Amino acid sequence: MDAFATLADTLFDPLDMALGQVSATVEIAEIAHVASVGNGVAQITGFSDLHADELVRFPHGVMGIASNLQEHQIGVVVLGDTDRLRPGDKVQRTGRVVDVPVGHALLGRVVDAMGRPLDDAGPIDAKDRLPVERPAPPIMHRAPVDEPLQTGIKAIDAAIPIGRGQRELILGDRQTGKTAIAVDTILNQGDNGVISVYCAVGQRASAVAHVIASLRKGGALDRTIVMVAGGDDAPGLQFIAPYAAMTMAEHFMAQGHDVLVVLDDLTRHARAYRELSLLLRRPPGREAYPSDIFYIHSRLLERATHLKDEYGGGSLTALPVVETQAQNISAYIPTNLISITDGQVYLSPDLFEKGQLPAIDIGASVSRVGGKVQRPAFRTVAGNLRLMYAQFEELESFARFGTQLDQETRHKLTRGRRVREVLKQGEHAHLDVPAQIAVLLAATEGLFDQVALDDMAKAEHTVQEALRAQDPELCDRMARGKPLSQADREKLVATLRNALSDTANEAGNGNA
Ligand SMILES: Nc1ncnc2c1ncn2[C@@H]1O[C@H](COP(=O)(O)OP(=O)(O)O)[C@@H](O)[C@H]1O
Ligand SMILES: [Mg+2]
């Protein structure tokens with residue numbers, strides 16, 4: 001009897017266990033076949049009731065999204081190499097939609113658009129998965145944007161400030177410094193708790209490698225997820241990448257984190273979608289883009305927001321990048337994105353050529369949200385920077401005609417040129433709030449008026465150091481977002497003025 005019980009145990013225990021595992025992973029085992037395949041899209045036949053956007057599985061682990069449901073054929077966007085598929089190949093349905101792993105296990109990793117590792121750090125140990133396409137948070141869950149996202153770039157933080165939860169477009173021709181601004185913004189977050197997702201779409205591998213190296217060198221990789229859908233990858237992967245990046249970011253936002261998502265870039269994303277749509281024989285519209293191209297970008301960027309505390313209280317700031325051609329910002333995709341986002345940072349190739357870097361055209365840039373949440377101390381020193389700079393540029397172009405200039409005009413030009421010098425900033429030279437305020441205040445107050453343009457970099461360094469060394473308490477207050485009182489301001493100007501005259505004296509009176 002005993003022996004029988006033991007035998008029964010050994011027989012049934014593993015069976016029970018196996019049953020338990022099986023029931024959790026039942027798959028709908030309907031089979032269809034590939035009818036034709038090529039360039040990122042496959043036509044399949046055989047399924048009677050496939051759902052729209054359902055994930056299907058081809059041989060060799062290649063996945064696809066059921067996109068065009070027709071009576072006899074289904075157009076599938078292939079999320080992998082179509083060269084490996086042949087007509088007649090079996091197709092399985094999965095009963096689910098595309099999802100990606102989410103959570104802390106992804107930080108510091110380089111993944112593809114489906115969240116599979118592309119680095120050599122092993123499998124990603126994530127418990128949770130979420131669909132790549134998710135509805136944007138409803139209006140009732142959204143809180144006003146009430147905190148700035150410091151980029152560390154003077155021209156942006158002073159003149160085009162960005163708020164947490166905002167969508168700010170970075171727009172410009174190729175090689176104007178768009179990626180550099182996005183990467184510097186990630187680097188500038190330091191250890192302030194902001195988590196970043198850098199999503200590269202359609203970029204060259206060397207460009208992506210460069211970004212990853214910069215993030216690693218700047219110590220930012222550990223709090224960043226890098227998602228890559230390269231220019232050589234299937235257009236389907238390029239298409240889903242930004243949505244997948246948003247999903248990974250939303251998971252952190254729901255836990256109360258502030259997240260920054262860079263989508264680099266949506267011009268290539270739109271092209272990948274255009275390619276897929278043409279292959280799926282959807283009717284082309286303007287510039288051969290399908291008619292829902294506006295909708296695919298608006299539903300993507302609508303997911304950026306600041307949540308009310310009862311819904312997690314986190315924020316998702318989106319920095320979509322768009323590449324223009326020959327500075328044509330009224331082309332289809334740029335205009336769509338300008339109208340979807342809350343402002344744009346416009347980079348001008350002319351400024352780039354002149355060496356005015358970052359090549360931000362302040363007059364053509366705007367932030368419709370962030371200005372309201374700019375740090376008060378910033379507002380005191382940079383409040384009228386935009387206007388003053390615009391007036392200076394106008395004056396300067398007028399002065400070129402060689403007219404006789406009165407004293408006041410010459411003063412304005414002198415000061416404007418110093419301000420322009422101050423707005424120059426090298427790559428990876430992001431500055432904290434107090435340092436930015438010190439140089440902007442010095443420039444707008446005219447403390448640099450006597451400094452030769454060539455010596456400006458040194459003078460800027462002097463005032464930053466002076467503030468840090470002589471008034472750490474004020475530094476700290478400004479960093480925490482406290483306002484700058486009139487007394488503070490006067491004291492700060494005096495400190496900076498003294499530091500500048502000290503170094504001028506040290507440099508020897510011969511130069512004076
Ligand atoms: N502020 C800057 N100072 C110096 N060089 C810069 C600056 N911003 C960008 N660059 C350089 O300009 C080039 C183009 O920048 P990148 O960000 O790749 O342009 P884009 O993304 O617009 O094509 C890169 O070689 C980059 O190192
Ligand atoms: Mg770039």
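Index from 1, following the sequence. We count ligands from 1, going down the list as the structure has it; atoms in each ligand are counted the same way. Keep in mind it's a predicted model, so treat the numbers as computed, not measured.
Checked by atom type, the side-chain pair Gln166/Ser367 shows a donor-acceptor distance below 3.5 Å. Side-chain polar atoms of Asp157 and Gln150 form a donor-acceptor pair below 3.5 angstrom.
Shown are the protein N/O/S atoms under 2.8 Å from the Mg ion (ligand 2), given by residue and atom: Thr179 OG1.
By the salt bridge (Lys or Arg N to Asp or Glu O under 4.0 Å) test, Glu275 pairs with no residue at all, sequence neighbours left out. Taking the side chain to side chain contact (heavy atoms under 4.5 Å, CB included) definition, one finds that Gln356 meets it with Leu351, Arg420, Leu423, Lys424, sequence neighbours left out.
Asn498 contributes atom CG, which lies 12.5 Å from atom OG1 of Thr462 (distance to the nearest 0.5 angstrom).
The distance between the ring centers of His104 and His257 falls below 6.0 angstrom.
The shortest heavy-atom distance from Gly172 to ligand 1 is not under 4.0 Å.
Under 4.0 angstrom from ligand 1, the non-hydrogen atoms of Gln425 all belong to its backbone.
In terms of protein heavy atoms, atom 21 (O) of ligand 1 is closest to Thr179 OG1, 2.8 Å. Looking from atom 22 (O) of ligand 1 to the surrounding protein, the closest heavy atom is Lys178 NZ, 2.7 Å. The single protein non-hydrogen atom nearest to atom 25 (O) of ligand 1 is Gln175 OE1, 4.5 Å, given as residue, atom name and distance. The protein atom (non-hydrogen) at minimum distance from atom 12 (O) of ligand 1 is Phe352 CZ, 3.2 Å. Of all protein heavy atoms, the one lying nearest to atom 27 (O) of ligand 1 is Glu427 OE1, 2.6 Å. Closest protein heavy atom to atom 19 (O) of ligand 1: Gly177 N, 3.0 Å.
Counting only residues at least two apart or in different chains, salt bridge (charged side-chain N to carboxylate O under 4.0 Å, His left out) contacts with residues 444-458 comprise Arg415-Asp449, Glu445-Arg489.
Each of the following atoms of ligand 1 lies closer than 4.0 Å to a heavy atom of Ala180: 8 (N), 9 (C), 17 (O). Residue contact check: Thr176 has heavy atoms under 4.0 Å from atoms 19 (O), 20 (P), 22 (O) of ligand 1. Residue contact check: Leu357 has heavy atoms under 4.0 Å from atoms 1 (N), 2 (C), 3 (N), 4 (C), 5 (N) of ligand 1.
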**Request:** Could you go through the salt bridge (Lys or Arg N to Asp or Glu O under 4.0 Å) check for Arg164 and Asp146 one step at a time?
**Result:** CA-CA 7 Å; Arg164 294 188 182 184; Asp146 60 6; over 6 Å; no
**Message:** Evaluate His269 against Gln238 for side chain to side chain contact (heavy atoms under 4.5 Å, CB included), listing each step before the verdict.
**Reply:** CA-CA 6 Å; His269 179 247; Gln238 296 183 52; 5.9 Å; no
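A side-chain contact (heavy atoms from CB on, under 4.5 Å) with Ile160 is found for one member of Ile360, Thr151, Val366 and no other, namely Ile360.
Between Tyr273 and Phe239, the angle of the ring planes stays under 30°, which puts this pair in the parallel group of the 30/60° scheme.
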